[in-house]
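Structure record follows, encoded as structure tokens.
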Amino acid sequence: MNLYSVKQLLYQEGQSQSVHIKGWVRTKRGNKFVNFLALNDGSCIKNIQIVADTDKFSEELMNRINTGACIAVQGSLVSSQGKGQSVEIHAKDIVILGEADAEAYPLQKKKHTLEFLREIAHLRPRTNTFGAVLRIRHTLAFAIHEYFNNKGFFYLHTPLITGSDAEGAGQMFRVTTLDPKNPPLTPEGNVDYSKDFFGKATNLTVSGQLEGELGAMGLGLVYTFGPTFRAENSNTSRHLAEFWMIEPEMAFYDINDNMDLAEDFIKYLVSQALLKCSDDLQFLSETYDPELINRLKNVVETSFARVSYTEAVEILLQSQPYRKGKFEYPVSWGTDLQSEHERYLVEKHFQKPVIVNNYPKDIKAFYMRQNEDGKTVAAMDVLFPQIGEIIGGSQREERYDKLLTRIKEMNIPEHELWWYLETRQYGTCPHAGFGLGFERLVLFVTGMGNIRDVIPFPRTPQNADF
RNA sequence: UCCUCCUUAGCUCAGCCGGUUAGAGCACCUGACUGUUAAUCAGGGGGUCCUUGGUUCAAGUCCAAGAGGAGGAGCCA
């Protein structure tokens, strides 16, 4: 197929050649003698200008080509006589592949609010903003695989359907094939899940971590990258019911190795976006956030601050907002840091990404490794400006007795985790890992304000359209 | 789930202290214009003022409930 993309035509050498291109019309301008079509095919943020002389094309044809129409153009690539572009296509033949009724087509050649575009998510990939965001999203996803592959990690596919509700990361979506109107019942009158498809109650996964650990204790270095589901009734600009998560898990890493990897990993991803998506970032910067590119460069160039939870609490207790009573929530050792506290540490005190580590054990998950002080665990959270927690991770408890004691203390159903406990009985090893929320990364890199605008078709409470 | 705010033309919004025929910009249609850059200029069409109920001589405007949306909080990635 002798078809060019807009990107190829704009960035290649040589002109006056015959070219064939297909795409969607963004705007049409013109007069009695000539029409200009701005054509975009998604290959890059830029359009290519199609010049159509009115004596070559019928008025009837030109009237059917409006904003949104899909067309195929045969013509020659020439230097532009106009100012806004270096090259353009002088059209010899135009075929309409799909019309778009100008009166009814919702996307206009003007700015739309992001809220409106969410209501027409089936059409928003055709906008500059979503083209840019989705190309950046792709670049980041690709860079994740590249990074881990170069470091000798193996991509491990963990299950999406889980029979365990002990993953401990939130409310789950039930998976069942039972008839909701007339389910089989146990003698006690409860739903009898032994009659269900898997012979037990099953849910969509909230984390692949526990299975990731099983993989790491055999393959050494693994990572997962897949969809994750949380049935929390969270209505915020930072939460989705279906999102993508990256969870590396490394045998023989301790908490410090874990923090080093997390920092290096994020810096690599951001630098890849800067390198490969400069046009898209430039557009987002001009349109939404002039500080975007500086903020990204800053993350790549400066080393992240690292403080223990205990130090973080001391910083907060000595802070201006604390002393003046500006914090809504109290600060004291043993309670979790609130959004306002995290934001103070990142945006005011350190003014760069911060890794907080060694949290009190009572506010963290059962699988985190207990420190020698008996009070804290080897946990770490990476906090970013504007979006808050982007990574949560820890060194895992590899000592069987300590792990089992913790499971009992926290009333976690031990029998559901027999396989997890067995890895600590046979050839256990120190290991660590973390989880990165992919959409939160895309949110940071694109500078978008709402997580629903960095995934093509967002799933949130009360919304599963498209 | 909690708190606050919003809902008027296809889109973005104005609409005063409740008052007579509800406005603007953009989009769309028609016309003008020899190369435009979200083209420009002139004219035209376009309304379930979110829904239901209430107060009032009179409701887009006031009150109540509901629906939808946004921001913040909680939970977390």
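Chain letters run A, B, ... following the sequence lines, proteins first, then strands; residues in each count from 1.
- Across all non-hydrogen atoms, the minimal contact from A:Arg126 to A:Leu107 is CB-CD1, 4.1 Å.
- Taking A:Phe327 as the reference, A:His341 meet the ring-ring contact (aromatic ring centres under 6.0 Å, His included) condition, with sequence neighbours excluded.
- Separating the P atom of B:A38 from that of B:C33 is a span of 24 Å, rounded to the nearest Å.
- Ring centroids of A:His145 and A:Tyr147 are separated by 6.0 Å or more, keeping the two rings apart.
- Note on A:Ile391: only backbone sugar-phosphate atoms sit closer than 4.0 angstrom, heavy atoms only; bases stay farther off.
- Using atom P as the reference point in both B:U7 and B:U61, the two lie 11 Å apart (nearest Å).
- Within residues 116-123 of chain A, the residues having any heavy atom closer than 4.0 Å to RNA chain B are, in order of number, A:Phe116, A:Arg118.
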Under 3.5 Å donor-acceptor pairs involving side-chain atoms of residues 376-384 of chain A, not counting sequence neighbours:
{"from": "A:Thr376", "atom 1": "OG1", "to": "A:Asn371", "atom 2": "ND2", "distance (Å)": "2.8"}
{"from": "A:Thr376", "atom 1": "OG1", "to": "A:Asp373", "atom 2": "OD1", "distance (Å)": "3.2"}
{"from": "A:Thr376", "atom 1": "OG1", "to": "A:Asp373", "atom 2": "OD2", "distance (Å)": "2.8"}
{"from": "A:Asp381", "atom 1": "OD2", "to": "A:Tyr359", "atom 2": "OH", "distance (Å)": "3.3"}
{"from": "A:Asp381", "atom 1": "OD2", "to": "A:Lys364", "atom 2": "NZ", "distance (Å)": "3.3"}

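- Nucleotide B:A77 holds its P atom 13 Å from the CE atom of A:Met172, rounded to whole Å.
- Taking CE of A:Met410 as the start and NZ of A:Lys361 as the end, the distance is 10.0 Å to the nearest 0.5 Å.
- Taking atom NE2 on A:His112 and atom P on B:C11, their separation rounds to 9 Å, with Å as the unit.
- Remark: A:Leu269 CG to A:Asp264 CG distance equals 9.5 Å, nearest 0.5 Å.
- If you take atom P in B:U48 and the same atom in B:C2, they sit 33 Å apart, rounded to whole Å.
- Here the closest heavy-atom approach between residue A:Ala312 and residue A:Val356 is recorded as CB-CG1, 4.4 Å.
- Applying the 4.0 Å criterion to OP1 and OP2 of B:G69, one finds that A:Arg452 has every side-chain N and O outside that range.
- Per the geometry, CZ belonging to A:Phe384 stands 16 Å off P belonging to B:A77, to the nearest Å.
- Separation of atoms CD (A:Gln8) and CD1 (A:Ile21) is listed at 8.5 Å; rounding is to 0.5 Å.
- One atom, CD of A:Glu328, and another, P of B:C3, lie 13 Å apart when rounded to the nearest Å.
- In the interface, the side chain of A:Ser234 is not paired with the base of B:C76 through any donor and acceptor atom under 3.5 Å apart.
- For the segment residues 97-108 of chain A, the set of residues with a heavy atom within less than 4.0 Å of an atom of RNA chain B comprises A:Ala102, A:Glu103, A:Gln108, in numerical order.
- Contact annotation: A:Arg343 side-chain N/O to B:A73 OP1/OP2 distance is under 4.0 Å.
- A salt bridge links A:Asp453 with A:Arg124: at least one charged nitrogen is closer than 4.0 Å to a carboxylate oxygen.
- In this structure, CG of A:Asn66 is placed 13 Å from P of B:A27, rounded to the nearest angstrom.
- Closest contact between the side chain of A:Ser339 and the listed nucleotides B:A77, B:G74, B:U1 involves B:G74.
- A close approach under 4.0 Å does not occur between any side-chain nitrogen or oxygen of A:Asn235 and OP1 or OP2 of B:G72.
- Ion pair A:Asp254/A:Arg369 not flagged as a salt bridge, since none of the NZ, NE, NH1 or NH2 atoms sits closer than 4.0 Å to an Asp/Glu carboxylate oxygen.
- In secondary-structure terms, RNA chain B builds stems of at least 3 consecutive Watson-Crick or G-U pairs, each pair having both distances under 3.5 Å, at B:1-7 with B:67-73, B:10-13 with B:23-26, B:28-32 with B:40-44, B:50-54 with B:62-66.
- With C1' as the reference atom, B:C26 and B:A70 are 23 Å apart, rounded to whole Å.
- Nearest-nucleotide positions on RNA chain B place A:Asn63 closer to the 5' end than the other of A:Asn450 and A:Asn63.
- Taking the centre of each ring, A:Tyr4 and A:His20 stay at or above the 6.0 Å mark.
- To the nearest 0.5 Å, atom CE of residue A:Met172 and atom CD of residue A:Glu232 are 11.0 Å apart.
- Counting non-hydrogen atoms under 4.0 angstrom, A:Thr67 reaches nothing in the nucleic acid.
- Between A:Asp53 and A:Lys32 there is no salt bridge, since no side-chain N of the basic residue sits under 4.0 Å from a carboxylate O of the acidic one.
- Between B:U52 and B:G60, the distance separating the two P atoms is 13 Å to the nearest Å.
- Using C1' as the reference atom, B:G25 and B:A67 are 30 Å apart when rounded to the nearest Å.
- A:Tyr329 comes within 4.0 angstrom of sugar-phosphate atoms only, judged by non-hydrogen atoms across all strands, and of no base.
- For A:Leu114 and B:G69, the CG to P distance is 16 Å, given to the nearest whole Å.
- Here B:A73 presents its C1' atom at 16 Å from CG of A:Leu337, a figure rounded to the nearest Å.
- With A:Phe148 as reference, A:Phe265 is the one residue of A:Tyr268, A:Phe265, A:Phe225 to meet the ring-ring contact (aromatic ring centres under 6.0 Å, His included) rule.
- Distance, A:Met245 CE to B:A77 C1': 6 Å, rounded to whole Å.
- Between A:Phe243 and B:A77, a base-stacking contact is recorded: ring centres under 5.5 Å apart, planes less than 30° from parallel.
- Checked for salt-bridge contact, A:Glu249 and A:Arg396 meet the test: a charged N lies under 4.0 Å from a carboxylate O.
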Reading 5' to 3' through nucleotides 32-43 of chain B, protein heavy-atom contacts under 4.0 Å coded B for base, S for sugar-phosphate only, - for none:
-BSBBBBB----
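- You'll find that the side chain of A:His239 is closest to B:A77, out of B:A77, B:C11, B:G72.
- In summary, the aromatic rings of A:Phe243 and A:Phe438 are positioned with their centroids too far apart to meet the 6.0 Å limit.
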